Amino acid sequence: MADTKREIERKYEATPDTPLPDLRKVPGVSDVVAKGVADLDAVYYDTADLRLAAAAITLRRRTGGSDAGWHLKLPVAPGVRDEITAPLSDLLPDPLAALVRAHTRGAEIVPVVRLLSSRDVLHLVDADGALLAELSRDAVVAQRLTDGNRTAQWDEIEVELADRGDPAFLDAVDKKLRKAGVLAADSPSKLSRALAETGSAPEEPPAARAPRTAGDHVLAYLRDKRDALVAHDPGVRRDVPDAVHQMRVATRRLRSAFRSYGKVVDRAVTGPLADELKWLAAELGVARDHEVLTERLRSAVDALPDELVLGPVHARLRVRSAGGGAEAQQRAVAALDSGRYLALLDALDALLAEPPLRKAASRAPEDVLAKAVLKDYARLSTRVEHALDLPPGRERDLAMHEARKAAKRARYAAEAARPALGKPAKRIGKQVKAVQSLLGEHQDSVVAREALRDLAIQAHAAGETAFTWGLLYGQEQAGATDNERELPEVWRRASRPKLRAALRG
């Protein structure tokens, strides 16, 4: 029902008589084609307290022009947004409502601004007539639909890159416009300008003072990861590549910080939140784990010579991928649609609004954060040494997996402390990451071998040869043995006393 495109654009201030330079002199432009004037009528929707606008998200219903319908724009980077569209209808389409649910949290979505635009469109095309960018001159009238129905009007110029165009082209257009005296717009979007000029705009968060205490640093880290969790919500719902992974990482980092920095933020309060984050990570993990394993198996099969791929190997992998992937995605979205998830987001907001800080939060970060990192490091050391003392086999596999989890926690603790501790935290985080990566590769091999054994059993039961699955199992086992052989040296580099000494200062 909804379509998506990447929107890359630049906005400029203008007046009705602002002259345009000869854009045919922009490198690559062969002609400037007038496409006529369109009258656009757009109503923008938000919660009464403008939660979407505060997150730089716009949601509108527009008539007129070539793309009438519902448009949801999600920020990606400055000047870059993902635009998700749905056909014109009287009511907000459910798929678009779902994509903003992490922000609206059940609050009513109402009309807040109406924009009437007269748009004069020019197409910048190359020698083959292919579109490079669309330049529009908009005469805008904005009407506030809440807070007194005030109005405002202005003119602006907008240049939007054609689909799959080179962003560097916009730099060339920008250079030509600026040379002609056309200035970049102060507002990033029409909506933000309309809100500012017709009444109250979203409240700006108070300017953050430079972190001074241990509590300042930990809370800044927690806010950043809370924001990352919410930001990746739409991507998970849209099945955007890597979105599940990034959202899951945000949950893990939050949970890890609660544990590592329990001397700063009271674990009696954060404990229940950590449990809920663990639940969310597990629900997301089904999709992520399936994605990682599928790619690993597919790559391993593709790397084999054709003469070693016996039987319907590719077909069996496709069936496994399609079935499990759809189920995992449905489970992830179901978790995001649940009241439990929205309650978790509310609880995170409440925690950050009134953080349960302990006595150590007011102390200097160089002492408090360093001790926390070293404590997690000691925990990792104990688990690695235990794994190295065990003979190869299932018990060692389990011990290496536990060491991997400890490595993640130590790495995340160092990451959170880096703004305060600088290079010593960066160095120890880098070495611990190497340990984590090796242990992660080993665990991925353990999981892959279990899957390959299941595939071999299925192939045998269907009367197919299991040769290829057995071959891949052997390769995975050999790789895991190599990981175990490499671990002592990787750990030796990560456990050098000077790393810990530098962290202590």
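Being a predicted model, the structure only gives us computed values, none of them experimental.
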### Task
Starting from the C-alpha separation in whole Å, work towards a yes-or-no answer on side chain to side chain contact (heavy atoms under 4.5 Å, CB included) for L374 and L503.
CA-CA 8 Å; L374 290 171; L503 200 64; 3.8 Å; yes
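- Distance check: W469 CH2 to R316 CZ gives 7.5 Å after rounding to the nearest 0.5 Å.
- Taking both residues in full, the closest heavy atoms of R485 and P488 are given as O-CD, 3.4 Å, listed atom of the first, atom of the second, then distance.
- Here the NZ atom belonging to K5 is positioned 9.5 Å from the NE2 atom belonging to H71, to the nearest 0.5 angstrom.
- Using a 4.0 Å cut-off between a side-chain N of Lys or Arg and a carboxylate O of Asp or Glu, R383 and E385 do not qualify as a salt bridge.
- The minimum heavy-atom distance between Q329 and V236, with the atom names listed, is NE2-O, 2.9 Å.
- With contacts defined as side-chain heavy-atom distances shorter than 4.5 Å, the pair V113/R60 does not qualify.
- Using a 4.0 Å cut-off between a side-chain N of Lys or Arg and a carboxylate O of Asp or Glu, E402 and R379 do not qualify as a salt bridge.
- Minimum interatomic distance between R298 and L317 (heavy atoms only, all atoms of both residues): CA-CD1, 4.1 Å.
- A 4.5 Å side-chain heavy-atom check between E476 and R296 finds at least one atom pair inside the cut-off.
- With S445 contributing its side chain and E441 its backbone, the two residues share no donor-acceptor pair below 3.5 Å.
- The side-chain contact (heavy atoms from CB on, under 4.5 Å) test applied to S260 returns S256, D376, R409, A413, not counting sequence neighbours.
- Using a 4.5 Å heavy-atom threshold, the side chains of L336 and D233 count as touching.
- At distances below 3.5 Å, not a single donor-acceptor pair connects side-chain atoms of N483 with backbone N or O atoms of L439.
- Residues F258 and V264 fail the side-chain proximity criterion, which asks for heavy atoms closer than 4.5 Å.
- Between the T104 side chain and the A107 main chain, no donor and acceptor come within less than 3.5 Å of each other.
- Distance check: L92 CG to W70 CH2 gives 5.0 Å after rounding to the nearest 0.5 Å.
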Which donor-acceptor pairs under 3.5 Å do side chains of residues 300-315 form with protein atoms, sequence neighbours excluded?
none

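- Listed by first and then second residue, the salt bridge (charged side-chain N to carboxylate O under 4.0 Å, His left out) pairs that reach into residues 335-346 are R101-D337, R105-D346, R237-D337, E276-R340, sequence neighbours excluded.
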### Task
List the steps and the verdict of side chain to side chain contact (heavy atoms under 4.5 Å, CB included) for V265 and V218.
CA-CA 8 Å; V265 184; V218 172; 4.0 Å; yes
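- A donor-acceptor contact shorter than 3.5 Å is absent between the side chain of S381 and the backbone of A378.
- Of the possible donor and acceptor atoms, one in the side chain of T213 sits under 3.5 Å from a partner among the backbone N and O of A361.
- Under the 4.0 Å criterion applied to side-chain N and carboxylate O atoms, R396 and D389 are not assigned as salt-bridge partners.
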Report, one line per pair, each donor and acceptor closer than 3.5 Å where one atom sits in a side chain of residues 415-437; sequence neighbours left out.
| unit_1 | atom_1 | unit_2 | atom_2 | d |
| --- | --- | --- | --- | --- |
| E415 | OE1 | Y221 | OH | 2.5 |
| E415 | OE1 | R253 | NE | 3.1 |
| E415 | OE2 | R253 | NE | 3.4 |
| E415 | OE2 | R253 | NH2 | 3.0 |
| Q436 | OE1 | R411 | NH1 | 3.2 |
| S437 | OG | K433 | O | 3.0 |

### Task
Could you walk me through whether I109 and V100 pass side chain to side chain contact (heavy atoms under 4.5 Å, CB included), step by step?
CA-CA 10 Å; I109 300 175; V100 297; 4.2 Å; yes
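- Inter-residue side-chain proximity for L219 and L357 is flagged as met; some heavy-atom pair is nearer than 4.5 Å.
- Taking the side-chain contact (heavy atoms from CB on, under 4.5 Å) definition, one finds that V446 meets it with D397, H442, Q443, R449, E450, sequence neighbours left out.
- Formation of a donor-acceptor pair under 3.5 Å by the D82 side chain with backbone atoms of E7 is not found in this model.
- In this structure, K263 places its NZ atom where only 12 or fewer heavy-atom neighbours from other residues, nucleotides or ligands lie under 6.0 Å away.
- Annotation for A403 and L380: closest pair O-CD1, 3.5 Å, computed over non-hydrogen atoms.
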### Message
Quick one, E486 with L438, criterion side chain to side chain contact (heavy atoms under 4.5 Å, CB included). Give me CA distance, side-chain angles, the key distance, then yes/no.
### Response
CA-CA 8 Å; E486 294 171 19; L438 181 68; 3.6 Å; yes
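- Across all non-hydrogen atoms, the minimal contact from P355 to L352 is CD-O, 3.6 Å.
- With contacts defined as side-chain heavy-atom distances shorter than 4.5 Å, the pair L455/Q458 qualifies.
- Residues R255 and D275 are not paired through a salt bridge, judged by the lack of any N-O separation under 4.0 Å between the basic side chain and the carboxylate.
- Heavy atoms of other residues, nucleotides or ligands lying less than 6.0 angstrom from CD of E354 number 12 at most.
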### Task
Could you walk me through whether K359 and D266 pass salt bridge (Lys or Arg N to Asp or Glu O under 4.0 Å), step by step?
CA-CA 10 Å; K359 185 177 180 180; D266 192 351; over 6 Å; no
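- Other residues, nucleotides and ligands contribute only 12 or fewer heavy atoms inside 6.0 Å of the CD atom of E395.
- Considering all non-hydrogen atoms of both residues, A448 and L293 come closest at CA-CD1, 3.7 Å.
- You'll find the side chain of T481 stays beyond 4.5 Å of the side chain of P392, heavy atoms only.
- With sequence neighbours left out, the side-chain contact (heavy atoms from CB on, under 4.5 Å) criterion links A55 to I57, H103.
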### Task
Please report the C-alpha distance between R500 and Y377 in whole Å, then the side-chain angles of each, then the deciding distance to 0.1 Å, and finally whether the side chain to side chain donor-acceptor pair (under 3.5 Å) criterion is met.
CA-CA 9 Å; R500 301 191 297 282; Y377 176 89; 3.1 Å; yes
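- Side-chain atoms of D216 come within 3.5 Å of backbone N or O of R212 as a donor-acceptor pair.
- Contact check for R193 versus K11: no side-chain heavy atoms found under the 4.5 Å cut-off.
- To the nearest 0.5 Å, the span separating CG on L229 from CG on L345 amounts to 6.0 Å.
- Remark: L74 CG to R6 CZ distance equals 10.0 Å, nearest 0.5 Å.
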### salt bridge (Lys or Arg N to Asp or Glu O under 4.0 Å) between R10 and E160, worked out
CA-CA 7 Å; R10 308 278 179 92; E160 181 176 345; over 6 Å; no
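- One finds a salt bridge joining D367 and K371 here, because a Lys/Arg side-chain nitrogen approaches an Asp/Glu carboxylate oxygen to under 4.0 Å.
- The structure places OG of S189 at 7.5 Å from OH of Y44, a figure rounded to the nearest 0.5 Å.
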